[in-house]
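No hydrogens, no waters, no symmetry mates; every other heavy atom, side chains included, goes into these values. Counting starts at 1 for both ligands and their atoms, in listed order.
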Amino acid sequence: MTAITTRVCVTGGGPAGMMMGLMLARAGIDVVVLEKHADFLRDFRGDTVHPSTLEVMHELGILDAFLARPHDEVRTLGAQIGETYYEVADFGYLPTRCKFIAMMPQWHFLDFIAEQGKRYPSFHLMMRTEAVGLIRDNGAVVGVQAITPDGPQDIRAEFVIAADGRGSTLRDVAGLKVDDQGAPIDVLWLRLSRRESDPAASLGRLDAGRLFININRGDYWQCAYIIPKGALEQVRAAGLEAFHAEIVRLAPHFTDRVTELATWDDIKLLTVAVNRLPRWDIPGMLCIGDAAHAMSPVGGVGVNLAIQDAVAAANILVPVLRNGKATQADLQAVQKRRDFPTRMTQRAQVLIQNRVISSVLQGAERPEAPALLRLLQRFPTLRRFPARAVGIGVRPEHIRH
Ligand SMILES: Cc1cc2nc3c(=O)[nH]c(=O)nc-3n(C[C@H](O)[C@H](O)[C@H](O)COP(=O)(O)OP(=O)(O)OC[C@H]3O[C@@H](n4cnc5c(N)ncnc54)[C@H](O)[C@@H]3O)c2cc1C
């Protein structure tokens with residue numbers, strides 16, 4: 001086997017890894033991105049491209065090409081308690097070019113980023129290539145051992161960026177410790193077709209002991225049915241018909257199509273995890289995205305945070321790499337920049353999970369609208385604050401090079 005040699009090896013072709021690869025290649029830095037799957041096609045991944053990510057795309061000069069691809073635009077978010085609808089967030093107030101969340105299946109988004117990357121000769125994407133180990137020299141990581149369809153392959157690099165998601169192999173091989181923040185919920189993802197006569201807004205429906213999120217995806221609804229952690233067996237034991245009845249009770253307009261959920265295979269479990277690494281690096285390796293911090297689905301901000309990590313890493317590392325080699329301190333600077341937004345976002349998510357969602361799921365009666373919701377109804381301009389928290393987040397990153 002002849003080792004491949006590059007400057008940076010990125011493992012994982014998710015939002016963090018692909019954006020990382022694109023930004024390094026765009027700066028003329030040779031980069032190899034490894035993705036273990038043959039394509040990006042995975043169902044029920046984060047399909048949300050947030051206003052701050054769209055801003056980054058504008059700064060990269062690829063926004064118009066991106067928006068020319070089929071997508072949906074979510075301009076407001078709401079909640080329905082019983083029969084009453086409350087508008088919660090209005091992206092129209094944001095100081096960004098795009099005042100909406102673009103909804104695009106993640107595989108289309110990643111295909112788009114791959115196409116953009118391929119415009120640069122220093123971008124090398126290796127599909128069906130799984131990172132299985134680290135190559136070390138004098139205690140520092142100097143590459144990755146991978147398995148390709150043609151057999152084992154070493155990729156040697158000045159350093160490695162692990163963007164291989166929340167089940168990161170490289171993080172485990174590196175022996176990095178993960179701090180669990182706790183998650184009292186799991187999510188059942190399902191899809192139901194959408195009719196013209198349906199309400200248009202993406203919203204969360206709350207009722208006694210139930211929380212059901214509906215995201216308008218044009219010709220279908222992407223739905224999340226929230227359950228207490230580990231309660232899937234209980235839900236299944238009650239039977240599929242009982243589950244259909246629950247959905248219809250929460251959203252009566254699904255009566256005519258709830259049987260599209262023909263078997264439990266049509267309902268996918270997301271085991272929610274919220275965790276982070278106290279330390280994102282070892283000598284010669286840095287973790288970013290879900291590999292550094294798995295996010296709760298609350299707010300749907302996981303993709304956005306993963307991309308923000310990549311932008312911060314490019315901002316810090318590109319000038320260094322243009323002039324020489326990155327040091328351990330340079331890799332650590334990425335965590336220094338992104339640790340605060342990660343902690344703040346997870347803190348807010350854990351608070352909402354524990355205080356709001358858990359109490360709704362435990363409640364025997366229809367929840368009262370909290371004072372905050374009533375306030376947002378009364379003063380529409382206040383809807384800018386939840387919109388900012390979800391659409392932009394803490395410490396947004398901008399392309400510097
Ligand atoms: C069901 C579900 C729904 C979600 N909904 C939302 C949402 O609505 N909005 C939102 O913002 N976020 C959502 N998220 C979270 C979001 O998908 C993640 O936060 C985001 O994708 C993280 O990006 P990443 O690039 O860090 O990791 P991932 O997207 O996990 O990408 C990691 C990539 O690495 C590859 N890989 C893994 N191991 C290896 C290896 N050893 N070698 C090579 N390649 C490897 C994987 O195949 C994958 O392509 C959801 C997550 C799930 C599971």
### Task
Check the pair Ser52 / Asn304 against side chain to side chain donor-acceptor pair (under 3.5 Å), numbers first and verdict last.
CA-CA 8 Å; Ser52 52; Asn304 195 37; 2.9 Å; yes
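- Checked by distance only, ligand 1 and Ile288 stay at 3.5 Å or farther apart across all their nitrogen or oxygen atoms.
- By the 6.0 Å contact criterion, CZ on Arg355 is open, its count of non-hydrogen atoms from other residues, nucleotides or ligands being 12 or less.
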### Message
Pair Trp264, Phe243 - check ring-ring contact (aromatic ring centres under 6.0 Å, His included), show working.
### Response
CA-CA 10 Å; Trp264 288 108; Phe243 187 65; 5.6 Å; yes
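- Not a single N or O atom of Thr11, backbone or side chain, sits closer than 3.5 Å to an N or O atom of ligand 1.
- No more than 12 heavy atoms of other residues, nucleotides or ligands sit less than 6.0 Å from atom CD of Glu368.
- The distance criterion of under 3.5 Å between nitrogen or oxygen atoms is met by Ala16 with respect to ligand 1.
- No hydrogens or angles considered: a donor-acceptor pair under 3.5 Å links the side chains of Thr327 and Asp330.
- The distance from ligand 1 to the heavy atoms of Leu34 drops below 4.0 Å at these ligand atoms: 43 (C), 44 (N).
- For ligand 1, none of its N or O atoms has an N or O atom of His50 under 3.5 Å away.
- Applying the 6.0 Å contact sphere to CZ of Arg69 captures more than 12 heavy atoms from other residues, nucleotides or ligands.
- Which parts of ligand 1 touch Ala306 is read off a 4.0 Å heavy-atom cut-off, strictly below it: atoms 22 (C), 23 (O), 26 (O).
- When non-hydrogen atoms are compared, ligand 1 lies under 4.0 Å from neither the backbone nor the side chain of Ala294.
- The shortest N or O to N or O distance between His37 and ligand 1 is under 3.5 Å.
- A cation-pi arrangement is found for Arg191 relative to Tyr220, the charged atom lying closer than 6.0 Å to the ring centre and inside a 45° cone about the ring normal.
- Closest to atom 39 (C) of ligand 1 by heavy atom, among Thr169, Asp164, Asp47, Ile147, is Asp164.
- Taking only non-hydrogen atoms, the option from Glu35, Met18, Lys36 nearest to atom 35 (C) of ligand 1 is Glu35.
- In summary, the aromatic rings of Phe385 and Tyr93 are positioned with their centroids too far apart to meet the 6.0 Å limit.
- Between Asp290 and ligand 1, at least one N/O pair is under 3.5 Å apart.
- At a heavy-atom distance under 4.0 Å, only side-chain atoms of Trp189, from C-beta outward, approach ligand 1.
- Contact between Thr129 and ligand 1 is present, with at least one heavy atom of the residue lying under 4.0 Å from the ligand.
- Few gaps surround CG on Asp179; more than 12 heavy atoms of other groups in view lie less than 6.0 Å from it.
- Taking CG of Leu134 as the start and SG of Cys9 as the end, the distance is 9.5 Å to the nearest 0.5 Å.
- Put simply, part of Gln106 is less than 4.0 Å from ligand 1, judged by heavy atoms.
- Not close to ligand 1: Met295, with no non-hydrogen atom less than 4.0 angstrom away.
- In this structure, the separation between CD1 on Ile357 and CD1 on Ile227 is 12.5 Å, given to the nearest 0.5 Å.
- For Gly289, no nitrogen or oxygen atom sits less than 3.5 Å from a nitrogen or oxygen atom of ligand 1, counting backbone and side chain alike.
- Under a 4.0 Å criterion applied to the non-hydrogen atoms of Gly302, ligand 1 contributes the atoms 10 (C), 11 (O), 12 (N), 19 (O).
- Residue contact annotation: Gly13 has a non-hydrogen atom under 4.0 Å from ligand 1.
- Using a 4.0 Å cut-off between charged side-chain N and carboxylate O, Lys229 and Asp186 make a salt bridge.
- Between Val303 and ligand 1, at least one N/O pair is under 3.5 Å apart.
- With a 4.0 Å cut-off on non-hydrogen atoms, Val187 does not touch ligand 1 at all.
- No N or O atom of Leu270 sits closer than 3.5 Å to an N or O atom of ligand 1.
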